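Down below is the structure, laid out as structure tokens.
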Protein chains: 2
Amino acid sequence: MAQYESLIKHLQDRIELSEEEMNQFVSNFKIKKIKKRQFIVQPDFVAKHRNYVVEGALRAYVVNDEGQEHTIAFAIEDWWISDYNSYIYQQPATMFVMALEDAVLLQIDFETEAKLKKANPKFETFFRITAERTAAFFQRRIITNLTSSAEERYDKFTNQFPLIANRVPQYALASYLGMTTEFLSKIKNNKLKK
Amino acid sequence: MAQYESLIKHLQDRIELSEEEMNQFVSNFKIKKIKKRQFIVQPDFVAKHRNYVVEGALRAYVVNDEGQEHTIAFAIEDWWISDYNSYIYQQPATMFVMALEDAVLLQIDFETEAKLKKANPKFETFFRITAERTAAFFQRRIITNLTSSAEERYDKFTNQFPLIANRVPQYALASYLGMTTEFLSKIKNNKLKK
DNA sequence: GGTATTTCATAATCTACTTCATTTTATAGC
DNA sequence: GCTATAAAATGAAGTAGATTATGAAATACC
């Protein structure tokens with residue numbers, strides 16, 4: 001059950017649970033192993049799961065009419081990922097969620113999560129805290145995007161998430177930061193010269 | 001108690017409460033009347049309240065080092081507003097929240113909200129749903145900002161929020177959409193010509 | 001281990017949007 | 001209603017970042 005250890009710690013950092021409650025909670029998560037380049041969410045299909053990353057790296061992105069990809073989220077160890085809108089409203093997804101590396105996930109499906117929340121208010125609290133922090137995180141990203149230049153956005157990202165910056169393809173990071181891969185290349189190059 | 005009617009409806013649309021539970025919930029909100037240009041949140045002070053708008057319009061914005069204002073959120077009737085990060089983490093705010101018109105709010109403070117959530121799991125559920133929808137809303141904005149041109153962002157906003165678009169100052173809307181007021185003016189003008 | 005395929009780098013050209021400066025229009029306060 | 005002030009419109013000039021094109025380096029895969 002080594003795969004569950006990090007999720008257990010994740011929970012303990014957020015709410016207080018007895019051993020029994022903890023077991024009840026995590027036993028509803030199923031281990032899912034996926035290979036690099038494999039999709040766990042695709043447009044037009046409902047995102048059935050909330051995914052906790054035990055190991056590996058994933059990327060959520062949308063593709064616009066011109067075929068350009070825009071990275072919406074990354075996830076590495078101890079992060080959650082899904083098509084957020086699709087999951088909470090249980091409506092067709094607009095995103096792809098793909099493994100950038102072989103990965104091990106812990107998945108819970110929407111109905112099971114609903115049952116858990118009904119069974120114990122502490123579980124409801126956990127998902128409330130998670131949603132609040134997600135909202136706060138998204139809002140910080142909105143603020144950064146509105147107030148910073150391309151180079152500043154890159155600097156902030158590498159400072160905040162050094163482990164992600166050096167682990168994902170440059171084109172994926174560039175589109176997450178709202179710039180082209182060519183321009184990100186130029187930014188990196190300018191830094192080397194200084 | 002006319003002021004509480006819209007909040008009651010807001011709650012009924014999201015969770016099922018008995019009359020008694022409803023009264024318990026809303027009685028913790030205090031009526032706050034503010035004048036145009038008045039601030040309810042300022043940088044360096046902790047945002048103590050979650051604010052529900054009964055009447056009026058408000059704007060949350062940040063000011064960067066160069067003195068430029070960037071609108072982060074609007075709120076009109078039946079919307080919530082605060083400095084989200086400041087409120088949920090109870091840390092100093094980075095935003096201003098100001099009334100664009102005379103307004104009537106219903107305010108709950110952080111500690112009272114915590115008590116409510118402890119008192120009844122249904123209340124916890126309400127805040128969980130609210131946070132989830134907030135996160136989903138923010139993510140849709142991130143996606144729009146990454147994938148659309150200035151004109152497309154303006155079109156989407158006016159389609160989705162026609163009541164807001166025509167009610168707030170142009171400079172506030174422009175900075176919400178991530179462009180200058182001059183450029184928004186030009187976009188509007190181009191539409192008139194067509 | 002060699003070849004096909006991705007990914008990244010570099011550079012020239014282009015454009016969506018900004019900046020700055022000025023005028024016109026709307027709003028607020030007495 | 002009149003004046004002061006803020007907001008919006010207009011236009012010229014400038015720039016951050018996109019686009020396009022090409023080659024080099026890294027990675028995947030049989």
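These figures come from a predicted structure and were not determined experimentally.
- Straight-line distance from the CD atom of A:E182 to the C1' atom of C:dA12: 13 Å, rounded to whole Å.
- Among the heavy atoms of the strands, none lies under 4.0 Å from B:E152.
- Atom CG in A:N189 sits roughly 8 Å away from atom C1' in C:dT10 (whole-Å rounding).
- Counting heavy atoms from C-beta on, the side chains of A:L146 and B:Y176 never come closer than 4.5 Å.
- One atom, CG of A:L100, and another, P of C:dT7, lie 10 Å apart when rounded to the nearest Å.
- In this model, the phosphate group of C:dA16 is not approached by any side-chain N or O of B:R153 to a distance below 4.0 Å at OP1 or OP2.
- Candidate nucleotides C:dC17, D:dA9, D:dC29 were compared by shortest atom distance to the side chain of A:R37, and D:dC29 ranks first.
- Residue A:K36 has a polar side-chain atom (N or O) positioned under 4.0 Å from OP1 or OP2 of D:dA28.
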For residues 85-107 of chain B, tabulate all N or O donor-acceptor pairs below 3.5 Å that involve a side-chain atom, not counting sequence neighbours.
| unit_1 | atom_1 | unit_2 | atom_2 | d |
| --- | --- | --- | --- | --- |
| B:N85 | OD1 | A:R140 | NH1 | 2.6 |
| B:N85 | ND2 | A:A136 | O | 3.4 |
| B:S86 | OG | B:A47 | N | 2.8 |
| B:S86 | OG | B:Q91 | O | 2.6 |
| B:Y87 | OH | B:E113 | OE1 | 2.5 |
| B:Q90 | NE2 | B:A47 | O | 3.1 |
| B:Q90 | NE2 | B:Y87 | O | 2.9 |
| B:E101 | OE1 | B:R167 | NH2 | 3.0 |
| B:E101 | OE2 | B:R167 | NE | 2.8 |
| B:D102 | OD1 | B:K36 | N | 2.8 |
| B:Q107 | NE2 | B:N51 | OD1 | 2.8 |

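- The CG atom of B:L177 sits 16 Å away from the C1' atom of C:dA16 (whole-angstrom rounding).
- The CZ atom of B:F183 sits 19 Å away from the P atom of D:dG14 (whole-angstrom rounding).
- Taking atom OH on B:Y154 and atom C1' on C:dA16, their separation rounds to 18 Å, with Å as the unit.
- Residues forming a side-chain hydrogen bond (donor to acceptor under 3.5 Å, both in side chains) with B:Q42 (at least two apart in sequence, or on another chain): none.
- The separation between B:N190 atom CG and C:dA16 atom P is 12 Å, rounded to whole Å.
- In this structure, A:T181 reaches neither bases nor backbone, as no heavy-atom distance under 4.0 Å exists between it and the strands shown.
- The side chain to side chain donor-acceptor pair (under 3.5 Å) analysis of residues 121-137 of chain B, with sequence neighbours excluded, yields the pairs A:E124-B:T125, A:E124-B:R128, A:T125-B:E124, A:R128-B:E124, B:E21-B:K122, B:R128-B:E132.
- For the ring-ring contact (aromatic ring centres under 6.0 Å, His included) test, no residue two or more places apart in sequence or in another chain qualifies with A:F45.
- Comparing the axis of the opening five pairs of the helix from C:dG1-D:dC30 to C:dC30-D:dG1 with that of the closing five pairs yields an angle of 70°, rounded to 10°.
- At a non-hydrogen distance threshold of 4.0 Å, B:P169, B:Q170, B:Y171 from residues 160-174 of chain B come into contact with DNA chain D.
- Contact check for A:I72 versus B:Q139: side-chain heavy atoms found under the 4.5 Å cut-off.
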field: Stepwise ring-ring contact (aromatic ring centres under 6.0 Å, His included) test for B:W80 and B:H49
entry: CA-CA 10 Å; B:W80 296 90; B:H49 302 97; over 10 Å; no
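- Atoms CD and CD1, from B:E152 and B:I187 in turn, are 10.0 Å apart once rounded to the nearest 0.5 Å.
- To the nearest 0.5 Å, atoms CG (B:L7) and CD (B:Q12) are separated by 10.0 Å.
- Between B:Q68 atom CD and C:dC17 atom C1' the separation is 13 Å, expressed in whole Å.
- For the OP1/OP2 pair of D:dA18 and a distance below 4.0 Å, the side-chain nitrogens and oxygens of A:T180 include at least one atom meeting the criterion.
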